[in-house]
2 protein chains.
Amino acid sequence: MATIHDVAREAGVSIATVSRALNGGPRVNEATRRRVLETAAALDFRPNHAARGLATGRLGNVGVLLPDVANPFFGAVLAGIARASQERGFGVFVADSREDATAEPELAGRLSQQVDGLVLVAPRMSDDDVRSYAARRPTVLVNRLVDGVDGVAVDAAQGMSDLLAQVALLGHRTVCYLDGPAASRAGTAKRAGLSAAAEQYGVDLHVEQSQAPTFAAGRAAAQRVLDSGCTAAVCFDDLLAWGVLTRVRELGVSVPDDLSITGFDDSLEEGMVSPGLTTVSARNREMGTIAAGMLERRLRDTTLGPATEVLRCNVVVRGSTAALNSRRR
Amino acid sequence: MATIHDVAREAGVSIATVSRALNGGPRVNEATRRRVLETAAALDFRPNHAARGLATGRLGNVGVLLPDVANPFFGAVLAGIARASQERGFGVFVADSREDATAEPELAGRLSQQVDGLVLVAPRMSDDDVRSYAARRPTVLVNRLVDGVDGVAVDAAQGMSDLLAQVALLGHRTVCYLDGPAASRAGTAKRAGLSAAAEQYGVDLHVEQSQAPTFAAGRAAAQRVLDSGCTAAVCFDDLLAWGVLTRVRELGVSVPDDLSITGFDDSLEEGMVSPGLTTVSARNREMGTIAAGMLERRLRDTTLGPATEVLRCNVVVRGSTAALNSRRR
DNA sequence: GTGAAAGCGCTAACAT
DNA sequence: ATGTTAGCGCTTTCAC
């Protein structure tokens, strides 16, 4: 693989000139520059990233730490980050913690050796750990906010609150919330939004726990939801809602006539589940895109104050919710 | 950030000793080693990857080029690669081509600067381009085989062949194949497997095209499938099959009584679609894991002959297929 | 406008 | 067993 020395020799100049020409540096004769560029292309010269990184201290890479790349939720975030970063000429490192928070410090540490900045999608990491990584390297948090650290998040509390308002508007007064993993921070926000709205609208909120935010867990929890006697089930996310919906229908319960159901994320395509799921749009890919932008801004100027962006979520009303009808008390 | 010089000074040894101690090199006094390790830990020393890469020529990273990280199919492959590589101490670089084959050369070129080896999940890249990357750096292909290049793939032809055999066994003699994107290589293998089996079992195979392998495209194609008058529909993948299934039921067609439907990939969880989809298991994550293993083997010894692994696919029979019954001719 | 040379942090001979 | 030193490929003063 050709180095700048090869290019320099071939073009009859010094390596310094090659470097300047390649990097658009100043004080290079236009003719020389052209010649250098041509021979570089002819030799298929590719600057060695590692060497450049050593010399400049800038690696030109960003790192992404997330719990599970195979999960479409994180996949969407990663896609947003990767595409935005690539466009800006950054390489993207990814570390998958397998949903194992104890593996995160090790991974984050290794990541940060090779990148200029970090995007952390680590819902279960402690605030202190987050701050310690942020102290080392420019860091942006996704779907989570920690004081003093850049971050972009969806306003889950507002989303759930608006959603419950919508449900209350339909006349429901006893609502069951099927929660996700207890440790999740998103869960805290969602519960907070729900509680606030429940109080405001005089809704009696019954909370059921579910260990995982999966389709299977939704099915498993369906009976408990029914037993709660509520007229509407608000679920932690779409998969859970889908599971509940599927199972209760098998049990002969009509949706939305007998039970209204809602999800969160808007991750299901139109028609995948019927009736369509009333849900909250979570804008994951957009969070990724924004995170990449924030990180680049921070890399440009480390002295900036911490930036924070909170995305509003919109309630998407579909067929899985309906007005409380006379068949129910 | 501490360097080996800091550690050396602090521990009262030379940088060479530090390097040896850290890398488990030979001829280091046990006491010295311990002391070095301790001061390194105390200083929170992290070896600089770029510098090490420069010195050794080995970066300790693998690169993955794929069309779309947000697509669960590729997400699963990436998860397999990432986890297996991390375990072996490799970092993972990812490049997302946005399903745009023209962007691949540029991305692959940039990737290869920073990695020791490449995993290519690039169904649409030309064989020549594949070979040219493989010539530069150790390369492993996923879900595709090219002469002389390491690769792991699922035997889609065998899978489709077995699947059609199963369908034929149920008595179906007119089968509609709803194909995916024309450019896809996986599609070629699938068509080949189907044709062979169709001939063998005396099945009349009718091919319908669909532009994308998506749920929506499946819905859109449903009417054409029905118009073909076939008694069974074999689809390019699960999403397409799901779309067809959903749409034909809306049109009042009973599955599997009036129409048997099959998918490919086994990507839907139990119960997500009902009746359960008869399909072929594609083992994506496993391909990723195997690819990472092959790459590591190749990095260890570049002189090895090309290795190739073809995974058998198993037909998974569920409720969406049934014996041709008397209601149909 | 161009070249010489130092040095980024590390490894790997080679000396001692 | 440990230290010295020469690079790895590149950027970046500083001379010319």
Side-chain angles (χ1 to χ4, degrees), chain A residues 1-37 39-40 43-61 89 91 109-110 112-116 136-137, chain B residues 1-40 43-61 89 91 109-110 112-116 136-137 299:
Chain A
M1 202 155 264
T3 75
I4 52 170
H5 289 99
D6 301 326
V7 178
R9 185 169 8 85
E10 200 74 13
V13 295
S14 78
I15 61 166
T17 302
V18 175
S19 177
R20 285 193 208 98
L22 255 33
N23 297 300
R27 286 189 304 271
V28 190
N29 185 302
E30 195 43 47
T32 317
R33 151 166 295 140
R34 209 176 353 254
R35 187 153 40 91
V36 169
L37 258 37
T39 63
L43 263 47
D44 191 28
F45 166 79
R46 311 277 195 154
N48 179 318
H49 236 80
R52 176 178 293 185
L54 237 202
T56 59
R58 275 167 283 113
L59 284 319
N61 295 324
R110 271 164 48 187
S112 54
Q113 300 317 304
Q114 339 203 33
V115 302
D116 298 324
R136 265 183 216 297
R137 291 239 176 272
Chain B
M1 203 155 265
T3 75
I4 52 171
H5 289 99
D6 302 324
V7 178
R9 183 168 9 84
E10 200 73 14
V13 296
S14 78
I15 59 164
T17 303
V18 175
S19 178
R20 286 191 209 100
L22 256 33
N23 296 302
R27 287 189 304 269
V28 191
N29 186 302
E30 194 46 44
T32 319
R33 152 166 295 141
R34 207 173 0 249
R35 188 153 38 91
V36 169
L37 259 36
E38 269 163 22
T39 63
L43 265 46
D44 192 28
F45 167 80
R46 312 276 194 154
N48 179 318
H49 234 81
R52 176 178 294 185
L54 238 202
T56 59
R58 276 167 283 114
L59 283 320
N61 295 324
R110 271 164 48 186
S112 55
Q113 301 316 304
Q114 339 204 33
V115 302
D116 298 323
R136 262 184 218 299
R137 291 238 175 273
L299 289 173

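A quick note: this is a predicted structure, and the numbers were derived from the prediction, not measured. Hydrogens, waters and symmetry mates play no part in the numbers below; they use all other heavy atoms, side chains included.
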J.: Measuring only between side-chain heavy atoms, which start at C-beta, is B:Val115 closer than 4.5 Å to B:Leu59?
T.: no
J.: Taking only N and O in the side chain of B:Thr17, is any of them less than 4.0 Å away from OP1 or OP2 of D:dG3?
T.: yes
J.: Closest approach of B:Leu22 and B:Phe45, non-hydrogen atoms and distance?
T.: CD2-CE2, 3.3 Å
J.: Any side-chain heavy atom of B:Met1 within less than 4.5 Å of one from A:Arg136?
T.: yes
J.: Step by step, work out the side-chain contact (heavy atoms from CB on, under 4.5 Å) result for B:Arg20 and B:Val13.
T.: CA-CA 11 Å; B:Arg20 286 191 209 100; B:Val13 296; over 6 Å; no
J.: Whole angstroms only, please: what is the CZ-P distance between B:Arg34 and D:dA1?
T.: 15 Å
J.: Starting at CD of B:Glu30 and ending at P of D:dT2, how long is that distance when rounded to a whole Å?
T.: 10 Å
J.: Throw together a table of side-chain donor-acceptor distances under 3.5 angstrom for residues 24-36 of chain A, partners on residues two or more places apart or in other chains.
T.:
| residue | atom | partner | partner atom | Å |
| --- | --- | --- | --- | --- |
| A:Asn29 | OD1 | A:Ala31 | N | 2.7 |
| A:Arg33 | NH2 | A:Gly25 | O | 2.9 |
| A:Arg35 | NH1 | A:Ala11 | O | 2.4 |

J.: Which parts of nucleotides 9-14 of chain C does protein reach within less than 4.0 Å, heavy atoms only, written one letter per nucleotide 5' to 3' as B for base, S for sugar-phosphate only and - for none?
T.: BBBBB-
